[in-house]
Protein chains: 2
Amino acid sequence: MNNLDQLRMFLETVEQGSFSACAKKLGKVQSAVSQGIANLEIDLDVQLFDRSTRKPSLTPEGERLKPYAEAILHQVNEFQAVVDSINKEEEALVRITFDNALLMPALTKILAEFDQKFPNTSLEVNTTSSLQVANEVRLGRADIGIMLANPSFNKLVDLCFIGHLPFYAVCHAEYPLACMAKINVGDLTAHKQIALKEDRVETNQSTPLLSANLWWANDFLNIKAMIIQGLGWSYLPAHLVKQEIEAGKLCKLDLTFDHKIWSPPIDMVTEKNHSRGPAQEWLFEALKGLFD
Amino acid sequence: MNNLDQLRMFLETVEQGSFSACAKKLGKVQSAVSQGIANLEIDLDVQLFDRSTRKPSLTPEGERLKPYAEAILHQVNEFQAVVDSINKEEEALVRITFDNALLMPALTKILAEFDQKFPNTSLEVNTTSSLQVANEVRLGRADIGIMLANPSFNKLVDLCFIGHLPFYAVCHAEYPLACMAKINVGDLTAHKQIALKEDRVETNQSTPLLSANLWWANDFLNIKAMIIQGLGWSYLPAHLVKQEIEAGKLCKLDLTFDHKIWSPPIDMVTEKNHSRGPAQEWLFEALKGLFD
DNA sequence: TATTCATATCATTAAAAGTGATAGTTATTA
DNA sequence: TAATAACTATCACTTTTAATGATATGAATA
C-alpha cells in the first residue's frame, strides 16, 4: 500500500455506490477512478468490488478491508489536523496554574471551551497555593497563573486584575453561631476560627483573623471538611459552600461588621514581556471574564 | 498528505539520524530522500528537520508530528496484514462450539496458539450441551464442534474421535463416603448422586446412574458447586476437580466396581463434505491432540 | 588544513496518474 | 422489444510526480 488517493477512491465508491459518482465527488474523471481502483486491486491482489451488476458492490474481502482503510484515513485526518494547528501557530501545550480556591465551575467551563477551540493543543492544569502561582509563572513552569492578588510580585511578572472572589463566613448548621443574629467581633472570640495558612511574610492574610482560638489549614477543602464536622467557623470561597448553604447543611454568619461580602481581588499572572500563541491568547482573554 | 513513502522517509530518517542512511535502508538514492522530505515539508508547509548541523535533527514541529505519522503507518501495516491474510485465503472468522465440560486448560492453550498463528482471523467460541453441539455444526452455525460422543449423529456430520475425557467420582471431604474404603454399588444407594441432565433419548447417559436418590443439573459447574456444598456425590470431569482434590477439599471415591477411570469418548464434529481454510484446518489438527 | 561524510541542487529519465474519447454492458422505460 | 440512459473498461496520449546520477557545497574530524 502506497497510495492514499486509491484508498479514498475505495471508500468514496463504497459510499457513493458508483465509480462515476465517486469521481464527481473527488473531482476526478470517471476513468481515473476506474483505473485507480483497478490498480489498487492489482497492487493488493484482492478483488474489492463485484462488477457483475451495474453498480459495483463490495466483495466479502472488500467488506473486510473497509474498516482498516477507514482507520488509515482517520489517522491521516488526525495528522492533517495537527499540521493545520501548527500552521496556525497553535501551541502544542499550554500550562495553567491557579490557587485551588479558584477551581470553580466558571473556570472548568472555560477549560471545556478551550478543548473545543483547540483540540490539538494539550492543556496542563495545576493547582497550588497563591504564593507559588506567581513563582511557577516566573520560573517558566506555567504560562498562565491565577491567584489571590499580592502586590509583592508586580515587578517579576505581568499582573492583570480579573475580579473579586467572594468569601462567606460560614459554620455548620448545628454550630452555636449558626442561629445567632447580629454577631459582632466580641461574639467571635469565644469560637474557633479555621483559617488558611498562607505563608505570607510581608502582607496580610487574604481574609481577616477574628477569633482568639485559631486553627490553620493549607487548603480550603480541608477547612470545609472541618467546618462540616462542626469544628468552628471560617471564611470560605462562596462557590465552595454554595450548595451546602442552600441545602441547609452550612449557615452564613450574620456578621454586623462585614458591611459587604468579603471579596479579595484576583490577579491573572503571565511571564513578563512574553508573546502568546493563539491558544494561550484565547485562554488569557477568556479568563478575564472568569468573574463576569 | 498523499504520499506514504514520504512519511516512511520521515520516520526512517529520524530512526537513522541521516538522509543517506535512510536512503540505504529504504533502497533509494540519497537525493530521492532529500527531495522527498523537502517535498513533504513543502506540502505540509512545516519544517520537519533542522539541517543546520551535519545530521538532520527534528524540529519541535517534527517532534510533534512524529507520533501521528507513526500512527498512520501502523494502521497501514494492519491493513497490509489483513491483505496478506486474505491472500493466504485465511478465514475472517472461525466458530467453535463445545460442551462446557471440555473447557479445560489444554483447550484454551490451543486457542492461545491459534491467536498467535492467525492474528487476523476472528474466533467465535461457544459452549453448549453436547447434544446441541452437533446441531450447531449441522445448521452451519459453527465450523468445529467438540462433544461427548453420540452415535446418533454420524449420518448428519463428520465425526472424528479425539480421545477420552476422564471422569472422577467425587464428594466433599466431609461427606460420609469420603473416608470409606472399597465402596460397592450397594453402599451408594443410600447416598445422593448428582447427575448431568443430558436430554438423551435414544442412548445412555455418558456417566452411569448408581444411587437411588438422584438430583439433576444441566451444567457440571452447577454440580461441582453442589458437591462442594456436601450435597452428595457425582461423576465430574477430572480437570474440573483436580485442584480441589489436591487441596483435600474434595475426595475421589474408592469404588470397587470402577476397574479403571470412567472416560467417555470425545468426538470432534465438522460439517459434512465441507472444505476448510487454513485457520480452520490448523485448529482442526491441533484439536486432534487435545487429549495427548 | 586536508579529509571525510553528508546534504542540496539540477538536468535527465522513468514511472505513475490523469484525461478524453470510445465501445460495451446493464437497467430502465417508452 | 427497442430505444435510452447510466455505468464501466480500455486505450492512446498528456501531465505530473518521483527517482537517478552527477556535482557542488558545507559541516565535522583528524
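Letters A, B, ... mirror the listed sequences (proteins, then strands); counts begin at 1.
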Heavy atoms from other residues, nucleotides or ligands near CD of A:Glu89 exceed 12 (cutoff 6.0 Å):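 No, CD of A:Glu89 has 12 or fewer neighbouring heavy atoms, counting only those of other groups under 6.0 Å.
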Any donor-acceptor N/O pair, B:Asp267 side chain to B:Val269 backbone, under 3.5 Å: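 Such a contact is absent between B:Asp267 side chain and B:Val269 backbone.
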[N] [atom2] sits how many Å from [X] [atom1], rounded?
| X | N | atom1 | atom2 | answer |
| --- | --- | --- | --- | --- |
| B:Lys28 | C:dA14 | NZ | P | 17 Å |
| B:Leu26 | D:dA19 | CG | C1' | 13 Å |
| A:Asn3 | D:dT16 | CG | P | 17 Å |
| A:Ile42 | C:dA15 | CD1 | P | 17 Å |
| B:Lys55 | D:dT29 | NZ | P | 10 Å |
| A:Asp5 | C:dA17 | CG | C1' | 9 Å |
| B:Phe19 | D:dG26 | CZ | C1' | 14 Å |
| A:Gln47 | D:dA9 | CD | C1' | 13 Å |

5′-ward residue of the pair B:Gln30/B:Asn39 relative to DNA chain D: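 Whichever sits nearer the 5' end wins; that is B:Asn39.
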B:Phe114 and B:Trp282 aromatic ring geometry - parallel, tilted or perpendicular at 30°/60° bounds: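 Correct class here is tilted.
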Pair of N/O donor and acceptor under 3.5 Å linking C:dT19 base with A:Gln35 side chain: yes
Donor-acceptor pair under 3.5 Å, B:Arg54 side chain vs C:dC5 base: yes
Nucleotide nearest B:Ser34 when distance is taken to its side chain, options C:dA8, D:dT8, C:dT19: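 The listed nucleotide nearest to B:Ser34's side chain is C:dA8.
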Working for salt bridge (charged side-chain N to carboxylate O under 4.0 Å, His left out), residues A:Lys117 and A:Glu113: CA-CA 6 Å; A:Lys117 293 239 184 227; A:Glu113 285 169 28; over 6 Å; no
Residues A:Asp143 and A:Arg276 bridged, charged N to O under 4.0 Å: no
Sugar-phosphate only, base, or nothing, as touched by B:Ser31 at under 4.0 Å among non-hydrogen atoms: base
N or O in side chain of B:Thr53 less than 4.0 angstrom from D:dA28 OP1/OP2: yes
Nearest-nucleotide comparison on DNA chain C, the residue closer to the 5′ end among B:Pro56 and A:Ser52: B:Pro56
